[in-house]
Asker: 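I'd like to ask you about the structure that follows.
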Amino acid sequence: QGQLVESGGGLVQLGGSLRLSCKSSRAILSVFSNYVMGWYRQAPGNQRELVATISPYGNTDYGDSVKGRFTISRDNGKKSVYLQMNNLKPEDTAVYYCKSSAGNYENWGQGIQVTVVS
């Protein structure tokens, strides 16, 4: 029902920051507002891992490797979720995926590359 489009990725230096955005282009507001939104990432040779999730009410959860550095937020009025990434490290290099979920519904964005260089 929803189509997720990520933006804001790219190349950044070690210690720098990036802000990823994910916008649902199809879900209506009343539907989007009830999604659990999340960011996941997958580096070459690795499994997909949780980065962060945010509930419809703003409750958040983070993967251990990004705690204290990344912040997830959402703007239901814009049908968007964001990931502020600070103090980036080379090990953060991965394809980042936006996900929406509710019950057995699950939708993924196409993924966006984040590359951290030193």
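Residues take their numbers from the sequence shown, with the count starting at 1. Hydrogens, waters and symmetry mates play no part in the numbers below; they use all other heavy atoms, side chains included. All of these numbers come straight from a predicted model, not from anything done at the bench.
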Asker: Assess the residue pair Leu20 and Val114 against the criterion (side chain to side chain contact (heavy atoms under 4.5 Å, CB included)); give the C-alpha distance rounded to whole Å, side-chain angles, the decisive distance to 0.1 Å, and a yes or no.
Answerer: CA-CA 9 Å; Leu20 303 183; Val114 171; 4.0 Å; yes
Asker: Run the side chain to side chain contact (heavy atoms under 4.5 Å, CB included) check on Leu18 and Leu88 step by step: do they pass?
Answerer: CA-CA 8 Å; Leu18 282 175; Leu88 284 161; 4.1 Å; yes
Asker: Return the set of residues passing side chain to side chain contact (heavy atoms under 4.5 Å, CB included) with Asn86 (not counting sequence neighbours), or none when no residue passes.
Answerer: Ser17, Gln84
Asker: Please report the closest heavy-atom contact between Ala43 and Ala94, naming both atoms and the distance.
Answerer: N-CB, 3.8 Å
Asker: Is the side chain of Asn76 donor-acceptor paired with the backbone N or O of Lys79 at a distance under 3.5 Å, no angle test?
Answerer: no
Asker: Going by the ring-ring contact (aromatic ring centres under 6.0 Å, His included) test, which pairs reach into residues 49-84, not counting sequence neighbours?
Answerer: none
Asker: By the salt bridge (charged side-chain N to carboxylate O under 4.0 Å, His left out) test, which pairs, at least two apart or in different chains, include something from residues 95-108?
Answerer: Lys99-Glu106
Asker: So, using salt bridge (Lys or Arg N to Asp or Glu O under 4.0 Å) as the criterion, who are the partners of Lys23 when residues are at least two apart?
Answerer: none
Asker: Is there side-chain contact between Asn107 and Ser101, with at least one heavy-atom pair below 4.5 Å?
Answerer: no
Asker: Any disulfide (SG to SG under 2.5 Å) pairs touching residues 20-114, not counting sequence neighbours?
Answerer: Cys22-Cys98
Asker: Could you work out the complete set of other residues in the hydrophobic cluster of Tyr40, with links drawn between I, L, V, M, F, W and Y side chains under 4.5 Å apart?
Answerer: Leu50, Val95, Tyr97, Trp108
Asker: Can you tell me how far the CG atom of Asn87 sits from the CE atom of Met85, to the nearest 0.5 Å?
Answerer: 12.0 Å
Asker: Provide the full list of salt bridge (charged side-chain N to carboxylate O under 4.0 Å, His left out) pairs with a residue in residues 34-46, sequence neighbours left out, each pair given once.
Answerer: Arg41-Glu49, Arg41-Asp92
Asker: Which hydrophobic side chains are connected to Leu11, either touching it within the sub-4.5 Å cutoff or through other members that do?
Answerer: Val117
Asker: Under the rule for side-chain hydrogen bond (donor to acceptor under 3.5 Å, both in side chains), what residues qualify as partners of Asp64, not counting sequence neighbours?
Answerer: Lys67
Asker: Rounded to the nearest 0.5 Å, how far apart are CG of Leu4 and OG of Ser80?
Answerer: 10.0 Å
Asker: Mind checking side-chain hydrogen bond (donor to acceptor under 3.5 Å, both in side chains) for Ser7 and listing every partner two or more places apart, or none if nothing turns up?
Answerer: none
Asker: How about Gln13: does its CD atom have over 12 heavy atoms from other parts shown lying under 6.0 Å from it?
Answerer: no
Asker: Using only atom types and a distance under 3.5 Å, with no angle test, would you say the side chain of Ser65 pairs donor to acceptor with the backbone of Gly63?
Answerer: no
Asker: Could you pull out the closest heavy-atom pair between Val81 and Met37, with the gap in Å?
Answerer: CG1-CE, 3.7 Å
Asker: Can you name the closest pair of heavy atoms from Thr93 and Gln113 and give their distance?
Answerer: CG2-NE2, 3.9 Å
Asker: In chain order, what residues pass the salt bridge (Lys or Arg N to Asp or Glu O under 4.0 Å) check against Arg48, with sequence neighbours excluded?
Answerer: none
Asker: Going by the rule side-chain hydrogen bond (donor to acceptor under 3.5 Å, both in side chains), which residues pair with Asn59 if we only count those two or more places apart in sequence or in a different chain?
Answerer: Ser55
